[in-house]
Protein chains: 2
Amino acid sequence: MARTLDFQQMLRGAALRVTRPRVAVLNAVHGHPHADTDSIIGVVRTELPRVSHQAVYNSLHALTTAGLVRRIQPSGSVARYESRVGDNHHHVVCRSCGLIADVDCAVGEAPCLTASDDSGFSIDEAEVVYWGLCPDCSTAANS
Amino acid sequence: MARTLDFQQMLRGAALRVTRPRVAVLNAVHGHPHADTDSIIGVVRTELPRVSHQAVYNSLHALTTAGLVRRIQPSGSVARYESRVGDNHHHVVCRSCGLIADVDCAVGEAPCLTASDDSGFSIDEAEVVYWGLCPDCSTAANS
DNA sequence: CCTATAATCTTGACTGATTCCAGAAAAGGG
DNA sequence: CCCTTTTCTGGAATCAGTCAAGATTATAGG
């Protein structure tokens, strides 16, 4: 598990100032994959009780832009964040309880990256969201 | 292009009551693919000036549940609706201006439908969103 | 055609995530 | 240690979408 010093280096490496809120947010995202902003605020406040929600929003935005965290937002959900970046993985979302799990690429490295007809767009990313039921909800539905 | 009578039949076929707001919403979605709720309200009001926004929200919800329209919501966008349903197509979204275009499946009929490791989820749909720049924004960026 | 009943619509308040803003605090270079 | 710029605090504001109560309307049945 990454430590505070690592997070500080990650921030410097991305040319971002090292501030307590940013380190705490980075730590929270690493410890709670797929957490939404409100949960992250909660986690950060166990360490820094006085951070403003705005600071967390700012930090998440800065970290996302710098590529240190990734923002995901399945339809109908609020924004969620994760620390796995740069590996082009995808997600399964439970239609019933909203649980999210990681899924590695099914087709080689860049699944579906070549659209059959790109309408002239220059595509740089293919994002895949699988929808279904998680094990628990699946069991509950069949009973 | 589908006419009012067709829409009425579509509603009856889905066991939905035929109301003016629903017919107008169905018409608006058919005529304006990928429009957001606010735009749809605007279009509907050219025909029925007194519809409430709530009626449009209700109609869109009912139509979506019935499978007569499809709701899409790329990250960072509000909900949008389209009338192409049941053909498992996907979308390209312009990172710069938000323009959305349809994309047919790249890999046969069900691209990526088989996740490499589904974590025990029972998956019923794979949704793909391609991100990039539309022709206009792409040109603007290179100048 | 007329009535009954259940679904739908209108109106208007409300929620919750996110953003905006101005002044205070803090990071990093010199 | 000081200065400049970025970031943070606190609080108000925005915006999509939802909730709720009473008025209307669609449809089945007589």
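Letters A, B, ... mirror the listed sequences (proteins, then strands); counts begin at 1.
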Output the rounded distance in Å from [atom1] ([X]) to [atom2] ([N]).
{"X": "B:L16", "N": "C:dC9", "atom1": "CG", "atom2": "P", "answer": "10 Å"}
{"X": "B:R22", "N": "D:dT25", "atom1": "CZ", "atom2": "C1'", "answer": "12 Å"}
{"X": "B:L11", "N": "C:dA7", "atom1": "CG", "atom2": "P", "answer": "17 Å"}
{"X": "A:Y57", "N": "D:dT7", "atom1": "OH", "atom2": "C1'", "answer": "18 Å"}
{"X": "A:H61", "N": "C:dT18", "atom1": "NE2", "atom2": "C1'", "answer": "11 Å"}
{"X": "A:L60", "N": "C:dT19", "atom1": "CG", "atom2": "C1'", "answer": "14 Å"}
{"X": "A:R17", "N": "C:dG29", "atom1": "CZ", "atom2": "P", "answer": "9 Å"}
{"X": "A:L63", "N": "D:dT6", "atom1": "CG", "atom2": "P", "answer": "17 Å"}

* Asked: With a 4.5 Å limit on heavy-atom distance, are the side chains of B:L63 and B:L16 in contact?
  ->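 SC-SC contact between B:L63 and B:L16 confirmed.
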
Side chain of [X], heavy atoms from C-beta onward: which of [options] has the nearest atom to it?
{"X": "B:Q54", "options": "C:dT11, D:dG10, D:dG17", "result": "C:dT11"}
{"X": "A:V51", "options": "D:dT9, C:dT11, D:dG11", "result": "D:dT9"}
{"X": "B:H53", "options": "D:dC8, D:dG11, C:dA13", "result": "C:dA13"}

* Can you tell me if the side-chain N/O atoms of B:R50 get under 4.0 Å from OP1 or OP2 in C:dT11? ->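 For B:R50, the contact criterion (side-chain N or O under 4.0 Å from OP1 or OP2 of C:dT11) is met.
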
* **Phosphate contact (C:dT18 OP1 or OP2) by A:T37 side-chain N/O below 4.0 Å** =>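 Yes, A:T37 has a side-chain N/O under 4.0 Å of OP1/OP2 on C:dT18.
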
* Asked: Would you say B:L99 and B:Y130 are hydrophobically clustered, going by side-chain heavy atoms of ILVMFWY under 4.5 Å?
  ->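 B:L99 and B:Y130: one cluster.
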
* For B:D38 and for B:R20, locate the closest nucleotide of DNA chain D by heavy-atom distance; then report the residue assigned to the nucleotide nearer the 5' terminus. =>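 Nearest nucleotide further toward 5': that of B:D38.
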
* Asked: Quick one: on DNA chain D, does B:A79 or A:S52 contact a more 5' nucleotide (nearest heavy atom)?
  ->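 Checking each residue's closest nucleotide, the 5'-ward one belongs to A:S52.
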
* Asked: Looking only at atom types and distance, does a side-chain atom of A:Q8 sit under 3.5 Å from a main-chain N or O of A:V23, one as donor and one as acceptor?
  ->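 No; zero donor-acceptor contacts below 3.5 Å.
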
So [X], base contact, sugar-phosphate only, or nothing? Heavy-atom distance under 4.0 Å.
{"X": "A:R12", "result": "sugar-phosphate"}
{"X": "B:T19", "result": "sugar-phosphate"}
{"X": "A:A62", "result": "nothing"}

* For atom CZ of A:R20, decide whether the heavy atoms of other residues, nucleotides or ligands shown that lie under 6.0 angstrom number more than 12. =>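 No, not enclosed.
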
* To do: Check the angle between the aromatic planes of B:H30 and B:F7 and answer parallel, tilted or perpendicular using the 30° and 60° thresholds.
  =>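 B:H30 and B:F7: tilted rings.
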
